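Right, one structure below, let's go through it.
Quantities reported herein were computed from a predicted structural model and do not represent experimental measurements. Both ligands and their constituent atoms are indexed starting at 1 by order of listing.
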Amino acid sequence: MKDKKIVVASMNEGKIREFCEMFEPLGYTVLSLKDFPDMPEIEETGTTFAENAVIKAKAVTDRYGIRAISDDSGLEVEAFGNQPGVNSARWLGHDTSYTYKNQVILDRMKDEKDRRCRYVCAIALTDPGKEPVVFEDTAECLIAYEPAGSNGFGYDPIMYFEPLQKTMAEMTKDEKNEISHRGKAIRKLQEWLDENE
Ligand code: IMP
């Protein structure tokens, strides 16, 4: 690998930090969209997590001729026909709190027996002149009957993970990382890099 620079196609501090932790020990200089203020806003027009992840990473690679990485994630609820899906962040409005979003889900699920749901994460890696590579994984959960826990973020307090008998928001960082959609997708990416570079 000659060019040891990678751009995380995101402005999200949490995502940038996670990818820094992964790539810096491998000798990469990790940049983000914050280092490219002239980058036009990237519209997430895909209908799947994988499509959106590729759109974001490819936009950076195409414009600057540099390796880029991006992730797209969200929540699918079986009883809602897998909504909110790719709209997870903007579902019920960008400005509504997750306390509110979570309560709406609990109310709508009040008499629902099928509580299956999952987090999905797709990570795209793009290199100039190459096809994008996508790594995807899920965390299969159940919608809890009430919120529990204060760790994590977003939908975590209502995402009950049966094998550990706790919600994602009751897990330690390491516990969540072990079983989470993002943790598992990142490990797939790591394995790919180990095998291919
Ligand atoms: P993205 O930034 O477009 O990938 O949006 C992901 C959205 O999905 C977040 O804003 C959350 O609403 C939700 N989400 C994804 N992963 C998690 C997680 O690990 N915990 C809580 N919410 C998550």
Within the 4.0 Å heavy-atom sphere of ligand 1, strictly under, residues:
Lys15, Glu44, Asp72, Ser73, Gly74, Ser88, Ala89, Tyr98, Tyr119, Phe153, Gly154, Tyr155, Asp156, Lys176, His181, Arg182

With no hydrogens and no angle check, do the side chains of Arg182 and Ser73 hold a donor and an acceptor under 3.5 Å apart?
yes

For the residue pair Tyr28 / Arg67, report whether a side-chain donor-acceptor contact shorter than 3.5 Å exists.
yes

Between Val54 and Met39, is there shared hydrophobic-cluster membership here, with clusters defined by ILVMFWY side-chain heavy atoms closer than 4.5 Å?
no

same_hphob_cluster(Phe135, Ile186) at 4.5 Å side-chain heavy-atom cutoff
yes

Could you tell me whether Phe36 and Tyr64 have their ring centroids closer than 6.0 angstrom?
yes

Please walk me through it: do Lys34 and Glu13 pass salt bridge (Lys or Arg N to Asp or Glu O under 4.0 Å)?
CA-CA 10 Å; Lys34 294 181 184 205; Glu13 286 289 355; 2.5 Å; yes

